[in-house]
Number of protein chains: 2
Amino acid sequence: MSGISDVARIAGVSKSTASRALTGGGYVSEATRQRVLDAAARIGYVASTNAASLVTGRTKNVGVIIPFVNRWYFGEVLEGVEDALLACDYDLTLYNVRPGSASRSRIFEHFLARKRFDGIITIGLDLSPAELERLRSLDRPVVSLGAQVEGASSVAIDDVAVSRLATEHLIGLGHTRIVHIGGGRSEDLHGTVHGRRLRGYLDAMEDAGLGAQTLHVPSEMTLPGGYAAGVQVVSNLRSRPTAISAASDEVAVGAIVAARRTGVQVPAELSVVGVDGHEYAEMFSLTTVEQSPREQGVAVVELLMDALEGRHASPTTLLHPTRLVVRSTTARPRE
Amino acid sequence: MSGISDVARIAGVSKSTASRALTGGGYVSEATRQRVLDAAARIGYVASTNAASLVTGRTKNVGVIIPFVNRWYFGEVLEGVEDALLACDYDLTLYNVRPGSASRSRIFEHFLARKRFDGIITIGLDLSPAELERLRSLDRPVVSLGAQVEGASSVAIDDVAVSRLATEHLIGLGHTRIVHIGGGRSEDLHGTVHGRRLRGYLDAMEDAGLGAQTLHVPSEMTLPGGYAAGVQVVSNLRSRPTAISAASDEVAVGAIVAARRTGVQVPAELSVVGVDGHEYAEMFSLTTVEQSPREQGVAVVELLMDALEGRHASPTTLLHPTRLVVRSTTARPRE
DNA sequence: CGTGTGCATGGAACCGGTTCCCGACCCGTT
DNA sequence: AACGGGTCGGGAACCGGTTCCATGCACACG
């Protein structure tokens, strides 16, 4: 495999001159630079970032830690991050730490310590104090998306607000028996996305004077999860709610499928609102609060680049905009 | 940041001895080895793979090229690959080449040339001759999943066979007006997954003497794609088909949603069969031919490890097993 | 008792780049 | 004609590891 020495030899210059010509530092005459560039192009030379990083300390590589790649939100974010990093000439090393997976500690203890990247992006991850400590000890900038990492810049949406907005939409239509489908134990109303979305629902109900009749069916943030919860809600014949505020679009769609299957009309008998702007939302005419995970991925990369280039050192938190999109799964309740 | 020299100093030995103790090569007395290991553990030392790779030539890193991360099949595969690589102590560098994206050539020309990985895994990718050439010039083993790369080992399922099996199931139930929803232009019956699945349908129809009445509605391999195609099929009132052979489960589910929405009973009026074993299949009681992408990911990593360790040099192709799972979206046609 | 063998260790070269430092050269000033 | 500052390019050190080679030593053997 060809190295910089080969380029130098072909161009008839020394290694150092070749390096200067290629990286653009120091004085090189235009003529020599061209000769070096030509030589490099001719043999298809690309510098080994590995070797360069040894002396420069910049690896041109970023570690991304993510709990799922297979859920819509995370997949979108990852694609956005990938694109943005590529545009900045960075490679992306992926660490998939599935919740409950044994490999999680191995990643933090072993893999992250290999000094292989210039920075780290964590996505939707709640870190333990030990993990935080380990991350900090690497002495590389850390930015996070969708969850707060202490002392790190981050991009997120206001999860409480989106869920509140969705619920208020239902209340505004005249609903009072509204159930929230989603995760989150009631003790944990801040630490997780699940929890914050439950919080938003509770706040909206409270503010509307409906604090006494809140309902919460726990569910995984998946379509099958929403389906199971939906079955439960719909089969509750005595006092069936007239509306569902779902913690995510996948949950909402699952609930809709469950309702239709049982012969319950949406939105005539049951209104459903979600959160996300999932690619399925349009197909199901789902009313939802849209966020744009792909753009959030791009934004978090920008934040990391700022940190890498020493711009605005103090941690900032960027709140990404969201908006209510009313389609046809929500309507006034029947008298 | 601590280096091997620090470890050596603390343990009171030379750099070379420390290196031998840590990597396990050459002679080191048990006592010294322990002292070195203790010193390393004490300061949380992990060798920089970067620096080591410079001399050993092994980077402990694998490049993965994938067209989507956001589609079920690809997401599953990626998670399987990640797990398996981690278990072998390899990092994963992700290259997401979305079809039609301008960055594709940049990845092949620039990023892949950085000599950063020991091997490459391509997933569901049809390479142009130039790309193939570039890959080969890197002089690193390449293995592929779900598509043939000339001269490379690969893992795949028999796409023709699965689609044939699904279609034969419908034929076996007595259906004759069967439509295939999926991609693939009829000229391209081998090069792509779309094409091969169309081929399987055509073969099955042919063999059953139904070659004259094949029907094909093109569609993207997504749920919305299937929905759109489903609407088209169902609204064809005069001679509506009695069964759909979908190219994937996502397409199948989309078609089912479309049918139900239009009031067409599944399976009473319309049977639907898919291919994949998607996580949604069970929820929709979908009859399908299951494959296991996660396991395929693990298998392709094994193949790569074989190549990296010089075992069985000649390219092998592994056909992964599949099986028909009959649920309740298929039934005999009504008289 | 001299010598050969095998284990244990340290010194130094090396991987492929970047960068520091220094000398050569050119050109305009004094 | 001597001098100084700005350009240009080469030699060598360095990044953090691994590995080759030489050396020291203990022990067994003839």
Side-chain angles (χ1 to χ4, degrees), chain A residues 1-37 39-40 43-61 89 91 110 113-118 138-140, chain B residues 1-37 39-40 43-61 89 91 110 113-118 138-140:
Chain A
M1 193 151 309
S2 51
I4 199 175
S5 312
D6 302 315
V7 176
R9 190 162 27 72
I10 295 179
V13 297
S14 70
K15 258 176 64 177
S16 27
T17 304
S19 172
R20 276 189 298 255
L22 291 167
T23 59
Y27 292 113
V28 185
S29 71
E30 195 43 45
T32 346
R33 152 164 289 123
Q34 262 317 319
R35 253 187 307 138
V36 172
L37 260 39
I43 61 176
Y45 168 82
V46 177
S48 153
T49 325
N50 258 356
S53 76
L54 207 47
V55 40
T56 62
R58 319 283 324 250
T59 61
K60 285 294 188 178
N61 188 28
D89 199 34
D91 277 340
H110 180 66
R114 300 217 266 212
K115 307 153 190 150
R116 248 189 180 166
F117 18 69
D118 298 334
L138 297 176
D139 211 26
R140 299 270 188 281
Chain B
M1 193 149 311
S2 51
I4 200 175
S5 311
D6 301 315
V7 176
R9 189 162 28 70
I10 295 179
V13 298
S14 69
K15 256 176 66 177
S16 27
T17 304
S19 173
R20 275 188 297 256
L22 290 167
T23 58
Y27 292 114
V28 184
S29 72
E30 194 45 44
T32 357
R33 154 165 286 124
Q34 262 317 320
R35 253 186 309 138
V36 173
L37 260 40
I43 62 176
Y45 168 82
V46 177
S48 152
T49 326
N50 259 356
S53 76
L54 206 47
V55 40
T56 62
R58 321 284 321 250
T59 62
K60 285 294 188 180
N61 189 27
D89 200 34
D91 277 340
H110 181 65
R114 300 217 265 212
K115 306 149 190 156
R116 248 188 182 167
F117 19 69
D118 298 334
L138 297 176
D139 210 28
R140 300 268 189 280

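Each chain gets a letter, A, B and so on, in the order the sequences are listed, and its residues count up from 1.
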Please name the pair of heavy atoms, one in Ile10(B) and one in Ala39(B), separated by the smallest distance, quoted to 0.1 Å.
CG2-CB, 3.8 Å

Please write out the pairs of protein N or O atoms and N or O atoms of nucleotides 4-6 of chain D separated by less than 3.5 Å, giving the distance to one decimal.
none

Set of salt bridge (Lys or Arg N to Asp or Glu O under 4.0 Å) partners for Arg114(B), sequence neighbours left out:
Asp89(A), Asp91(A)

To the closest 0.5 Å, what do you measure between NZ (Lys115(A)) and CG (Leu54(A))?
11.0 Å

Remember a base hit wins even if backbone is also touched, and classify Ser19(B) as base, sugar-phosphate or nothing at under 4.0 Å, heavy atoms.
base

May I have the distance from Arg58(A) (atom CZ) to dT18(C) (atom P), rounded to whole angstrom?
14 Å

The bend of the helix from dC1(C)-dG30(D) to dT30(C)-dA1(D), taken between the axes of its five terminal pairs at each end and rounded to 10°, is 70°

Return the minimal non-hydrogen interatomic distance between Asp118(A) and Thr59(A), and the atom names on each side.
OD1-N, 2.6 Å

Show every salt bridge (charged side-chain N to carboxylate O under 4.0 Å, His left out) that has at least one partner inside residues 12-37 of chain B, sequence neighbours left out.
none

Could you tell me whether Thr23(B) contacts a base, only the sugar-phosphate backbone, or nothing, with contacts defined as non-hydrogen atoms closer than 4.0 Å?
sugar-phosphate

Are OP1 or OP2 of dG16(C) and a side-chain N or O of Ser5(A) less than 4.0 angstrom apart?
no

Selected nucleotide, minimal atom distance to Thr32(B) side chain, candidates dG17(C), dT9(C), dG9(D)
dT9(C)

So, using side-chain contact (heavy atoms from CB on, under 4.5 Å) as the criterion, who are the partners of Ala52(A) when residues are at least two apart?
none

Just to verify, what does Ala8(A) make a side-chain contact (heavy atoms from CB on, under 4.5 Å) with, not counting sequence neighbours?
Val13(A), Ala18(A)

Distance in angstrom units between Tyr45(A) OH and dG16(C) P, rounded
10 Å

Rounded interatomic separation in angstrom, taking CD1 from Ile4(B) and C1' from dT19(D)
12 Å

When rounded to whole Å, the CG to C1' distance for the pair Asn50(B) and dT18(C) reads 15 Å

Atom CG of Leu22(A) and atom C1' of dT19(C): how far apart are they, to the nearest Å?
15 Å

When the distance from CZ of Arg116(A) to C1' of dG17(D) is rounded to whole Å, what number comes out?
13 Å

Send over the distance from Arg114(B) CZ to dG16(C) P, rounded to a whole Å.
18 Å

To the nearest angstrom, how far is Asp6(B) atom CG from dG16(D) atom C1'?
11 Å

Side-chain N or O of Thr49(B) versus OP1/OP2 of dG17(D): is the shortest distance under 4.0 Å?
no

Contacts of type side-chain contact (heavy atoms from CB on, under 4.5 Å), residue Leu22(B), not counting sequence neighbours:
Ile4(B), Val36(B), Leu37(B), Ala40(B), Tyr45(B)

How would you list, by chain and number, every residue that makes a side-chain hydrogen bond (donor to acceptor under 3.5 Å, both in side chains) with Thr23(B), sequence neighbours excluded?
none

List for me each residue that meets side-chain hydrogen bond (donor to acceptor under 3.5 Å, both in side chains) alongside Thr32(B), sequence neighbours excluded, and say none if there are none.
Ser29(B)

Return the set of residues passing salt bridge (Lys or Arg N to Asp or Glu O under 4.0 Å) with Arg58(B) (not counting sequence neighbours), or none when no residue passes.
none

Do any N or O atoms of the protein come closer than 3.5 Å to N or O atoms of nucleotides 10-15 of chain D, and which pairs are they?
from    : atom 1 : to       : atom 2 : distance (Å)
dG10(D) : OP2    : Ser14(A) : N      : 2.9
dG10(D) : OP2    : Ser14(A) : OG     : 2.9
dG10(D) : OP2    : Thr17(A) : OG1    : 2.7
dG10(D) : N7     : Arg20(A) : NH2    : 3.1
dG10(D) : O6     : Arg20(A) : NH1    : 3.0
dG11(D) : N7     : Ser16(A) : OG     : 3.4
dG11(D) : O6     : Ser16(A) : OG     : 3.3

Residues at least two apart in sequence or cross-chain that pass side-chain hydrogen bond (donor to acceptor under 3.5 Å, both in side chains) with Ser48(B), listed by chain then number, are none

